[in-house]
Amino acid sequence: MPPQTSLLALSERGLGSCVQVSVAGYPDVLRSKLAIPAELTILCGLAIGYADPDYPMNKVHVGREPIKDNIVFVEA
């Protein structure tokens, strides 16, 4: 199942999630602690839980550059 499908299914059931790609850089640790067989590829980790909308970090707004500063539109 693609990660996107899992994330959408969790969201539909009221759960929050966070993809953690950095754990894929430590396959030996993951394999030893979680008994993951060598024939399986570790793509990412996935944190699952209930969101806390009152937690201050969940209220941080990260600005973005305007799209016109990052995209070049070419007309045919």
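All residue numbers refer to positions in the sequence shown, counting from 1. Note that this is a predicted model, so its numbers are computed, not measured.
- Considering all non-hydrogen atoms of both residues, Leu30 and Ile36 come closest at O-CD1, 4.0 Å.
- Counting non-hydrogen atoms of other residues, nucleotides and ligands closer than 6.0 Å to CD of Glu39 gives a total above 12.
- In the hydrophobic cluster analysis, where Ile, Leu, Val, Met, Phe, Trp and Tyr join through side-chain heavy atoms closer than 4.5 angstrom, Val62 is grouped together with Tyr55.
- When all heavy atoms of Leu10 and Ser17 are compared, the pair lying nearest together is CD1-CB, 3.9 Å.
- Closest approach of Ile42 and Ala24 over heavy atoms only: O-CB, 3.6 Å.
- Between Val19 and Leu7, the shortest heavy-atom contact is CG2-CD1, 3.7 Å.
- Here the closest non-hydrogen pair linking Asn58 and Asp52 is ND2-O, 2.7 Å.
- In terms of heavy-atom proximity, Pro37 sits nearest to Arg31 at O-NH1, 2.7 Å.
- Atom CD1 of Ile67 has 12 or fewer neighbouring heavy atoms from other residues, nucleotides or ligands inside a 6.0 Å radius.
- Residue Val29 belongs to a hydrophobic cluster whose other members are Tyr26, with links defined by side-chain heavy atoms closer than 4.5 Å.
- With hydrophobic clusters built from ILVMFWY side chains whose heavy atoms lie under 4.5 angstrom apart, Leu40 does not share a cluster with Leu43.
- Considering OG of Ser32 and CG of Asp28, their distance stands at 7.5 Å, rounded to 0.5 Å.
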